[in-house]
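Beneath this line is the structure, given in C-alpha cells, with notes to follow.
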Amino acid sequence: MPEIPSAYNPKATEDKWYKLWESKKLFHAEPDPKRKPYTIVIPPPNITGILHMGHALNDTIQDIIIRWRRMQGWNAEWLPGTDHAGIATQNVVEKMLAKEGKKRQDLGREKFIERVWQWREQYGTTIISQLKRLGCSCDWDRTRFTMDEGLSDAVNEVFIRLYEKGLIYRGNYIINWCPRCQTALSDEEAQHKDLNGLLYYIKYPVKGEKRHVTVATTRPETMLGDVAVAVNPKDERYKNLVGEILILPLMNREIKVIADDIVDPEFGTGAVKVTPAHDPNDFDMGRRHSLEPIVVMDPDGSMSKNAGDYAGMDRFEAREAIIEDLKEMGLLEKIDQHAHSVGHCYRCHTVVEPYLSLQWFVKMKPLAKPGIEAAKSGKIKFYPERWSKVYLDWMENIRDWCISRQIWWGHRIPVYYCRKCEKATEGKKGIIVARSKPQKCPDCGGTDIVQDEDVLDTWFSSWLWPFSTFGWPDKTKDLAYFYPTSTLVTAQDIIFFWVARMIMAGYEFMGDAPFRDIYIHGTVRDETGAKMSKSLGNIIDPIEIIDEYGTDALRFSIISITAVGQDVFLSKEKFQVGRNFANKIWNASRFVMTNLSEDVDTDLCVLYKSADLTLADRWILSNLYSTLEDLEKALESYRFSEAANLLYDFIWHKYCDWYLEIAKSRIKEKNTQVILYKVLEKSLRLLHPIMPFLTEEIWSILPHKRDSIMIQPWPHLQKDLIDKKVEEEMDLAIGIITAIRNIRAEVNIPPQKTCKAIVVVDSEKKRTTIDKSLDYIKNLGRLESLEVTDKLKRPKASSVAVFGDCEICVPLEGLVDIEAEKKKMMSKAGELEKYVKSIEAKLNNKNFAERAPKDIIDKEKEKLSEAKVSLEKLRENLKRLES
RNA sequence: GGGCGAUUGGCUCAGUUGGUUAGAGCGCCACAUUCACAUUGUGGAGGUCAAAGGUUCGAAUCCUUUAUCGCCCACCA
C-alpha cells in the first residue's frame with residue numbers, strides 16, 4: 001500500500017472526484033416507472049450572481065437531501081439552472097455600456113439584447129461552475145435558463161391562458177415606480193425602510209376668504225398635482241368646510257374640499273391633500289369623487305410639464321424649492337420630525353415613487369385560493385412551521401400583481417396592438433394576445449400591428465420553474481414523472497416573490513402543488529448579526545473558504561451551526577471545525593487501513609450473531625445504529641445541524657476516542673479489524689451526503705473494489721444491534737477510566753508513567769461488568785496493575801475517587817498531599833450532600849409522591865440510593881484519611 | 001399599528017412532547033510530542049437558563065406581563 005499522507009488534502013481530491021461523478025453521469029436521472037422519484041428544483045440563482053454564503057448554505061442543504069435520498073434508493077433528480085434576472089442583469093450590462101460612454105438607447109433594443117446575451121455567455125455561468133466546486137450533485141444535463149426557448153414558450157402560454165380566463169388585465173393604476181431603473185415594480189419589489197423624515201404643514205387658502213386649511217404631507221412636491229383636499233365627514237372641525245373651494249398654492253388652481261371616510265381625523269391636521277396620480281389612497285379617493293389625476297412627474301423622477309415653474313427639476317430639488325417658496329409666501333405653517341417607512345427599489349435602492357401609469361396586472365385572489373387551502377390542510381408543509389402563518393397572511397391579503405416592466409431584458413409581453421383600432425376605440429378592441437405577431441387585426445383587418453414594448457417581471461417566469469423546466473406545456477414523460485417535486489429549500493426572503501407564486505402556478509396549470517415540503521433556512525449573517533452583503537463589505541467568499549479549508553469543511557461547518565429556522569452567524573474561524581473534523585476522519589481511516597491484515601469483508605450481523613464479541617465491540621455497534629436511528633429522524637425533519645453533530649459526536653467521541661483506542665491493544669485480532677473497518681465504512685456512507693469529497697477519497701483507498709460511494713446503499717438500520725445494557729456497561733468502564741485519569745492528573749503522574757489502581761465494588765453484577773472491561777481500564781488508564789475487590793485495603797498513601805458505588809483508588813509511592821486530598825473529597829461530598837437533600841426533599845413531598853408518575857418516582861429513588869452509596873463511600877474515605 | 005424570532009458559562013449556540021446534578025464547540029488553565037491525528041490527546045475551571053408573576057408534585061421548557069436586540073408585514077397623508 002502506498003503511503004497515505006498524514007493530513008487530508010482537499011485540493012488534491014475534490015476536482016478529481018467531481019469530474020469522475022460527472023463523467024459517469026451519476027447525477028443524472030431518467031424517468032423509471034419502477035422507481036420512486038425524489039425531485040428537487042434549485043432556486044435558480046441570477047446569472048449576475050456569484051456564489052455567496054447564502055447559496056453555500058442553500059445548495060449544501062439541497063445536496064445533502066438529494067445525496068441521502070439517492071443512497072436510499074430513490075430516483076433522485078436535482079434540476080439546476082439560472083434566472084435571467086431582468087432588472088438586475090440589465091443594470092449590470094448598462095453599467096458596462098456606461099464605461100464605454102453609451103446608453104442602451106444608443107444601441108437600440110435589438111443590439112442591446114444581443115449584448116446581454118453575449119454578457120451571459122461570458123459571465124452568466126460563473127455560478128454554475130461555483131456550484132460544482134461546492135460539490136452539488138445537480139443533473140447538469142437538465143440545466144435550464146429562464147430565457148430558454150421552452151421556458152419562454154411556457155411564459156407566453158401562461159400569459160395567454162390567464163388573459164383568456166380574465167385573470168390578466170391592463171389598466172391605469174398607481175404602481176411603484178423606480179425613477180432610476182425607469183420601470184414599474186411589484187409591491188414586493190418595493191422594499192420599505194424606516195426613515196426619519198419630515199412632515200410639512202402647508203396652508204391652503206379658502207377662495208376669496210382669509211381662512212385657510214392646513215394639510216400635512218411628507219412629499220410636498222406632489223402638491224402640484226393636488227386636485228382636492230379631503231376631510232373625514234364626521235370631523236366636526238371641518239364640517240362647514242366641505243364643498244368649499246380652495247386655492248392650491250403655487251399653482252393657483254381651484255380645488256374642492258371633499259369628505260371621505262378614509263381620512264383619519266387623528267393624523268396631522270385631519271385634512272389631507274388629494275393627489276390621485278401620486279398616491280394609492282388618493283387615487284382611490286379620486287375615483288370615488290370623479291377627480292382627474294394630474295401627473296406632475298416624469299418617468300426619470302423630474303417634475304413634468306404639469307408642474308408649473310418647477311418643471312424639469314429633480315423631485316428632491318423641487319421639494320426644497322417648493323418649501324422655500326411656501327415659506328416666503330407665509331404658507332408653511334411648520335415642519336415636524338416624522339418617522340415613516342419609504343419604499344426603495346430592491347435592485348438599486350432608489351426611493352420609489354407611487355406613480356400612475358398604464359400597466360399589466362394579474363388578478364391574484366382566484367389563484368391564491370387553492371394555495372391557501374393546501375397550506376391549511378397540510379398538503380404542503382413549511383419547516384419550520386411558523387412560516388406557514390407568514391405565507392397564509394400574505395395569501396389571504398393578496399393584491400394584484402403588476403407584471404409589466406419598462407425594460408428590455410426579459411420575456412416580451414405577448415400582446416400586440418392594432419394601431420388603427422387603438423386610435424379608433426381606445427378600448428379593448430385592437431388588443432391581440434397571441435403567441436406570435438399576427439398578420440392582420442381580427443377586428444378591423446388592419447396590418448399596422450406593433451408588439452407591446454414592455455417585458456414581464458422576472459418572477460413571471462420563475463413561478464413556473466417546477467414544471468416549465470420539465471417541458472410544460474408539453475405533456476412530457478419527465479413532467480409526468482418528476483412533478484410534483486418533493487422538497488423546496490429556500491430562504492425566507494423569497495416566500496412571497498417565489499414560493500407562494502409557484503404554489504399558485506402549480507395549482508393553476510398543473511392542478512397540483514409543486515412540492516410537498518418547504519424548508520426555510522435562516523439568513524446568513526456576519527458575526528455581528530448584519531446580513532452579508534457586498535455593499536456592507538462583510539462578505540465571506542465561499543470559494544476562498546473552499547481554497548483554504550476545503551469544500552467538505554465548508555459544508556460541514558455551515559451545516560453544523562445552522563439550527564432549524566435560526567439565522568446563521570458566520571466568521572472565518574468557524575470553518576476550522578469542519579477542517580479539523582475532516583482531518584480527524586482522515587487519520588482514523590489511515591490508522592485503520594494501515595493495520596488491516598485480515599480479510600475484513602464480513603457481514604456485521606452475521607459476525608454479531610456468531611462471534612463472541614467484546615463489550616467494546618458490542619458497544620460501538622450499538623452506538624453506530626442508535627446514531628443512525630437518530631440521524632434518519634433528524635434528516636427526515638430537516639434538522640441538519642443535529643444530523644451533522646450526531647455524526648461528529650459518534651465518529652470523534654465514540655469511534656476515535658474510545659473504540660479505536662481500545663482496539664489498539666487487540667489490533668491483530670480479526671474481529672477487531674472487522675469491526676474497525678465495518679464501522680468506518682458505514683460511517684463514511686452516513687457522512688457522504690454532508691462531506692462528499694472526503695468520503696469518496698477514503699472510500700477509494702479502502703481495501704475493496706466498489707463503485708463510487710455516492711451510489712452505495714444507505715446503511716440499513718439494524719435495530720437488534722442496539723443494546724442499552726451494553727451502553728450502560730461501557731459507561732461504567734468509561735467512568736472508571738476517567739476517574740483514574742482524573743486522579744493521575746491531580747497528583748501529577750506523568751502520562752507515560754504507569755501506576756497501580758484498585759477498584760472496590762460490592763455488587764456482584766458490577767463486578768462482572770468490570771471484569772469484562774479490565775483490559776480497557778488497564779490500557780487507557782495506563783495501569784501496571786488493576787485489582788478489583790469488594791473490600792478496600794487502602795494503602796496509606798493513595799488517592800481515591802468515587803464513581804457511583806465504585807471506589808477507585810490509586811496508591812501512590814511518594815507522599816500524598818493529605819490536605820489537598822481532603823479538600824477535594826470534602827468538596828465532592830458537599831456537592832453530593834446537596835444533591836441527596838434535594839432528592840429527599842422531593843420524595844418527602846406528599847404531593848410529589850401522590851401525583852408524579854410511578855416510573856419517575858422509581859427513578860428518583862434509584863438516584864437517591866446511588867447518591868447515598870457514593871456519599872457514604874466518600875465519607876468513609878475521608879474518615880480513613882483523618883485517622 | 002400588527003406579527004414573528006432571539007435572550008442559556010468569556011464567545012457561538014444545542015436543549016424535540018415540562019421529570020439530567022443544564023450540554024457542546026471555540027476560547028481559557030494545567031499536563032503531554034518517536035506509538036493514526038498538535039488540524040492532536042488527557043484533565044480542569046466556568047452558568048441562580050434576560051426580569052417579574054403564574055400554572056404544576058416538578059419549569060430553561062407551558063401561560064401572562066416587562067425589558068433589550070433583530071426581522072417581516074401594513075392604504076404611517
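Reminder, nothing fancy here: chain letters follow the sequence lines and each chain counts from 1.
A centroid separation of 6.0 Å or more is found between the aromatic rings of A:Phe382 and A:Trp387.
Between A:Thr627 and A:Lys654, the side chains place no donor N or O within less than 3.5 Å of an acceptor N or O (distance only, hydrogens not considered).
Summary of the strand contacts: A:Ala339 and A:Tyr835 both lie near RNA chain B, and taking for each the nucleotide with the nearest heavy atom, the more 5' one is attributed to A:Tyr835. Of the two residues contacting RNA chain B, namely A:Glu188 and A:Asp279, the nearest-nucleotide position lying further toward the 5' end is that of A:Glu188.
Counting to the nearest Å, the P atom of B:rC72 and the NE2 atom of A:His344 are 13 Å from each other. In this entry the distance linking CD of A:Glu850 with P of B:rU56 reads 15 Å, nearest Å. When the C1' atom of B:rA45 is taken as reference, atom CD of A:Glu831 falls 13 Å away, rounded to whole Å.
Below 30°, between 30° and 60°, or above 60°: for A:Tyr355 and A:His278 the angle between ring planes is between 30° and 60°, a tilted geometry.
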**Contact state string [nucleotides 33-43 of chain B, B base, S sugar-phosphate only, - no protein heavy atom under 4.0 Å]** = ---BB-BSSSS
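Taking a pair to require two hydrogen-bonding distances under 3.5 Å in either a Watson-Crick or a G-U wobble arrangement, B:rG23 pairs with B:rC13.
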Between N or O atoms, less than 3.5 Å apart, protein on one side and nucleotides 1-8 of chain B on the other: list the pairs.
| residue | atom | partner | partner atom | Å |
| --- | --- | --- | --- | --- |
| B:rG5 | O2' | A:Gln566 | NE2 | 3.4 |

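Both tests pass for A:Lys664 against the ring of A:Phe591: distance under 6.0 Å to the centre and angle within 45° of the axis.
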